[in-house]
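Note sheet for the following structure.
Numbers restart at 1 for each chain; the letters A, B, ... are given by sequence-line order, proteins then strands. Just so it is clear, the structure is predicted and the values come from calculations on it, not from any experiment.
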Amino acid sequence: MKLPESYYLDSDVVKLSRDLIGKYLFTRIDGVVTGGYIVETEAYNGIIDKASHAYGNRLTPRTQTMFMQGGVAYVYLCYGIHEMLNIVTSVEGQPHAVLIRAVNPTIGLDIMQYRRNMAVIKPTITMGPGSVAKALGVSRKINGISLQSDTLWIEDRGLTFADDEVAAVPRVGVDYAGDDALLPYRFYIKGNSYVSKPNK
DNA sequence: GTGCTGATCGTCT
DNA sequence: GACGATCAGCACT
């Protein structure tokens with residue numbers, strides 16, 4: 001059921017970002033399982049991608065997780081408030097990552113609701129990368145954790161989407177990246193209500 | 001529905 | 001010392 005280590009070693013992070021659409025992502029934090037299937041991702045394509053933290057082979061205490069062998073989580077803090085969950089891919093020394101931007105929740109809705117401090121469950125519960133991390137209980141404490149662990153993993157349950165059901169568009173919030181901001185590295189399931197806002 | 005803005009701090013210059 | 005791979009709340013249409 002769990003995607004094997006080898007799945008994450010592919011050197012084509014854009015292809016993997018597309019392929020992760022429809023895969024099931026789970027966490028087991030404090031003994032409770034929450035998760036659902038991935039409906040939105042973004043690819044960050046190594047040292048040549050101006051939008052990536054690892055652009056220009058920038059190796060710092062923060063980014064070193066991205067340089068690990070594929071199949072681990074890269075979690076960091078953004079805007080001082082939000083934690084973001086990425087899946088590191090490719091071989092060691094090749095800093096590729098897939099940002100998980102939205103999930104269609106299937107298990108642990110009550111736990112997610114509690115973590116998000118919501119009075120009523122709405123699609124915003126796992127819409128956007130900061131929300132996904134918070135709903136699934138992901139924090140920087142699990143930065144670098146293996147996807148073969150029992151804390152965080154991804155399963156293939158045979159759910160697939162045809163190419164005409166998946167949009168490929170420019171990434172969100174990366175205007176500073178110049179030409180690379182235009183690359184169609186964001187993937188999402190058309191019409192899915194959990195996909196985050198810039199939805200055209 | 002759309003649009004503006006405050007929150008809040010780790011990270012790199 | 002500036003700013004970000006964002007979100008929620010509130011004003012307004």
Each base of DNA chain C marked ( ) or [ ] if paired in-strand (Watson-Crick or G-U under 3.5 Å), | if paired to another strand and . if unpaired gives ||||.|||||||.
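Rounded to whole angstrom, the span from the NZ atom of A:Lys122 across to the C1' atom of B:dG1 amounts to 15 Å. Distance, A:Arg115 CZ to C:dC7 C1': 19 Å, rounded to whole Å. Between the P atom of C:dA5 and the NE2 atom of A:His53 lies a distance of 4 Å, rounded to the nearest Å. Rounding to whole angstrom units, CG of residue A:Leu99 and P of C:dT6 are separated by 8 Å. Distance CZ (A:Arg58) to P (B:dT11): 13 Å, rounded to an integer number of Å.
Note on A:Arg171: nothing from the nucleic acid sits closer than 4.0 angstrom, heavy atoms only. Within 4.0 Å (heavy atoms only), A:Ser131 reaches sugar-phosphate atoms of the nucleic acid but no base atom. In this structure, A:Met118 reaches neither bases nor backbone, as no heavy-atom distance under 4.0 Å exists between it and the strands shown.
Here A:Arg116 reaches the OP1 or OP2 of C:dA8: one of its side-chain N or O atoms lies under 4.0 Å away.
Distances were taken from every side-chain heavy atom of A:Ile81 (C-beta onward) to each of C:dA5, C:dC7, B:dT8; the shortest belongs to B:dT8.
The aromatic ring centroids of A:Tyr76 and A:His53 lie less than 6.0 Å from each other.
Under the 4.0 Å criterion applied to side-chain N and carboxylate O atoms, A:Glu83 and A:Lys134 are not assigned as salt-bridge partners.
Remark: of the listed residues A:Val138, A:Leu99, A:Val103, A:Val103 is the sole one forming a side chain to side chain contact (heavy atoms under 4.5 Å, CB included) with A:Val132.
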